[in-house]
S.K.: 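Mind having a look at this structure? Questions to follow.
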Amino acid sequence: MTREDIKTYSYRISQASKTDLVVITYDIAADYLKEAKENAESGDIEGMRSALNKVSRVIDSLISGLNLEYEIAGNLFQIYLHIKRTLVSVSVSADKDEITRIEHLISMLRKSFYSIKDEDTSGPLMKNTEQVYQGLTYSNSGYGNESSNVQANRGYIV
């Protein structure tokens, strides 16, 4: 995952509701699965195993967020356990077809949560975050940019 991807995910997470956060988590898992598949195809087995380990940690975070009082959470728990078992198997066999199958499963789960995310009216989980409009960050002290050493004239001749 590139630095730009990490920045994008950080911003998305700062603005996310509960359901949006699950969708973002699936997106992160999909990115790591893509990385694992690319590494497997290029013969970089250690890189593939590292990416699969990251996917496993993402699945662990999804498991920890389940509320097992609901039946659907129990079903999701079983799916997540299946994914984790498959990830262990793939890290030994380097089977690209199994990675593709897990990518498809993650994609289907993501689509399910994406389809209901508009029903979540709880608002962003993180409070007191800066609002970003067209690349600029606005805060109580005015507006700034990503760099902390931006001059007051912001590049304009004064």
Side-chain angles (χ1 to χ4, degrees), residues 1-66 76-77 79-139 141 143-150 154-155:
M1 189 175 302
T2 65
R3 293 178 77 92
E4 190 62 35
D5 292 338
I6 292 170
K7 278 182 167 181
T8 301
Y9 282 126
S10 296
Y11 169 71
R12 286 179 62 195
I13 289 168
S14 73
Q15 305 299 313
S17 67
K18 293 176 187 177
T19 310
D20 287 330
L21 195 56
V22 175
V23 171
I24 293 166
T25 306
Y26 287 133
D27 289 342
I28 292 169
D31 281 353
Y32 284 134
L33 282 167
K34 180 181 174 189
E35 182 181 324
K37 192 174 181 181
E38 289 170 356
N39 287 332
E41 289 171 350
S42 70
D44 181 7
I45 302 302
E46 286 306 313
M48 179 203 67
R49 287 183 179 145
S50 174
L52 290 175
N53 186 37
K54 291 174 184 175
V55 175
S56 183
R57 291 194 329 235
V58 169
I59 299 300
D60 286 340
S61 72
L62 287 166
I63 289 172
S64 69
L66 291 174
L76 285 169
F77 181 72
I79 293 170
Y80 295 154
L81 287 181
H82 170 72
I83 291 171
K84 285 188 61 80
R85 283 191 299 271
T86 305
L87 291 173
V88 170
S89 170
V90 169
S91 70
V92 173
S93 69
D95 186 355
K96 294 177 289 228
D97 293 334
E98 284 296 303
I99 296 175
T100 301
R101 195 175 65 75
I102 294 301
E103 281 179 320
H104 179 70
L105 186 55
I106 293 290
S107 172
M108 296 303 290
L109 289 167
R110 184 201 182 277
K111 285 179 188 174
S112 299
F113 276 90
Y114 187 81
S115 68
I116 62 167
K117 77 177 187 74
D118 292 333
E119 296 174 19
D120 185 358
T121 59
S122 61
L125 290 173
M126 296 178 75
K127 305 295 181 206
N128 299 324
T129 58
E130 296 177 337
Q131 293 296 318
V132 176
Y133 301 97
Q134 296 184 354
L136 296 176
T137 11
Y138 293 86
S139 65
S141 60
Y143 57 91
N145 207 348
E146 293 177 3
S147 176
S148 60
N149 60 357
V150 176
R154 303 203 26 91

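Keep in mind that the numbers below use all heavy atoms, side chains included, and drop hydrogens, waters and symmetry copies.
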S.K.: Please round to the nearest 0.5 Å and tell me the distance separating atom CD of Glu35 and atom CD1 of Ile99.
M.R.: 11.0 Å
S.K.: Under the side chain to side chain donor-acceptor pair (under 3.5 Å) test, which residues partner Asp27, sequence neighbours left out?
M.R.: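 Asp27 satisfies side chain to side chain donor-acceptor pair (under 3.5 Å) with Arg12, Arg110 once adjacent residues are dropped.
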S.K.: Taking atom CG of Asp31 and atom OG1 of Thr8, what is their separation to the nearest 0.5 Å?
M.R.: 10.0 Å
S.K.: If I compare all heavy atoms of Ala40 with all of Lys96, which pair ends up nearest, and what's the gap?
M.R.: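 Closest pair (atom of Ala40, atom of Lys96, distance): CB-CG, 3.8 Å.
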S.K.: Lys117: what forms a side chain to side chain donor-acceptor pair (under 3.5 Å) with it, not counting sequence neighbours?
M.R.: none
S.K.: Please evaluate residues Leu52 and Leu33 with respect to the criterion side-chain contact (heavy atoms from CB on, under 4.5 Å), reporting the C-alpha separation (whole Å), side-chain torsions for both, the decisive distance (0.1 Å), and the verdict.
M.R.: CA-CA 7 Å; Leu52 290 175; Leu33 282 167; 4.3 Å; yes
S.K.: State, to 0.1 Å, how close Val58 and Ile28 come at their nearest heavy-atom pair, and which atoms those are.
M.R.: CG2-CG2, 3.8 Å
S.K.: Check side chain to side chain donor-acceptor pair (under 3.5 Å) between Asp5 and all other residues, then give those that pass, not counting sequence neighbours.
M.R.: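 Side chain to side chain donor-acceptor pair (under 3.5 Å) list for Asp5, sorted by chain: Thr2.
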S.K.: Not counting sequence neighbours, which residues clear ring-ring contact (aromatic ring centres under 6.0 Å, His included) with Phe113? List them please.
M.R.: Tyr26
S.K.: Mind checking what makes side chain to side chain donor-acceptor pair (under 3.5 Å) contact with Tyr32, not counting sequence neighbours?
M.R.: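 None.
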S.K.: Donor-acceptor pair, distance only, cut-off 3.5 Å: does the side chain of Asn53 make one with the backbone of Arg49?
M.R.: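 Looks like no, no N/O pair under 3.5 Å.
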S.K.: Of all the heavy-atom pairs spanning Ala36 and Met48, show the shortest one and how long it is.
M.R.: O-CG, 3.4 Å
S.K.: Rounded to the nearest 0.5 Å, what's the gap from CG on Leu87 to CD1 on Ile59? Could you check?
M.R.: 7.0 Å
S.K.: Rounded at 0.5 Å granularity, tell me how far CG in Leu105 sits from OG1 in Thr100.
M.R.: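 OG1 of Thr100 is found 12.5 Å from CG of Leu105.
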S.K.: Judged by atom type as modelled, is there a donor-acceptor pair below 3.5 Å linking the side chain of Ser50 to the main-chain atoms of Glu46?
M.R.: no
S.K.: Considering residues at least two apart in sequence or located in another chain, which fulfil the salt bridge (Lys or Arg N to Asp or Glu O under 4.0 Å) criterion with Arg57?
M.R.: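 So Arg57 forms no salt bridge (Lys or Arg N to Asp or Glu O under 4.0 Å) with any residue.
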S.K.: How about Lys84 and Asp60: do any of their side-chain heavy atoms sit closer than 4.5 Å?
M.R.: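 SC-SC contact between Lys84 and Asp60 confirmed.
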S.K.: Between Thr25 and Leu21, which heavy-atom pair has the shortest distance, and what is it?
M.R.: OG1-O, 2.7 Å
S.K.: Specify the closest pair of heavy atoms between Tyr114 and Val23, including all atoms of both residues, with the distance to one decimal.
M.R.: N-CG2, 3.7 Å
S.K.: Using modelled atom types and a 3.5 Å cut-off, is there a donor and acceptor pairing between side-chain atoms of Ser107 and backbone atoms of Glu103?
M.R.: no
S.K.: For the residue pair Tyr9 and Ile24, what are the closest heavy atoms and their distance?
M.R.: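 Smallest heavy-atom distance, with atoms named: CD2-CG2, 3.8 Å.
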S.K.: So how far is it from Tyr80 OH to Ile63 CD1, rounded to the nearest 0.5 Å?
M.R.: 8.0 Å
S.K.: Output yes when a side-chain donor or acceptor of Ser10 lies under 3.5 Å from a complementary backbone atom of Ile6, and no otherwise.
M.R.: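 Confirmed, Ser10 side chain pairs with Ile6 backbone.
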S.K.: Do Leu109 and Leu76 have side chains that get closer than 4.5 Å, going by heavy atoms?
M.R.: yes
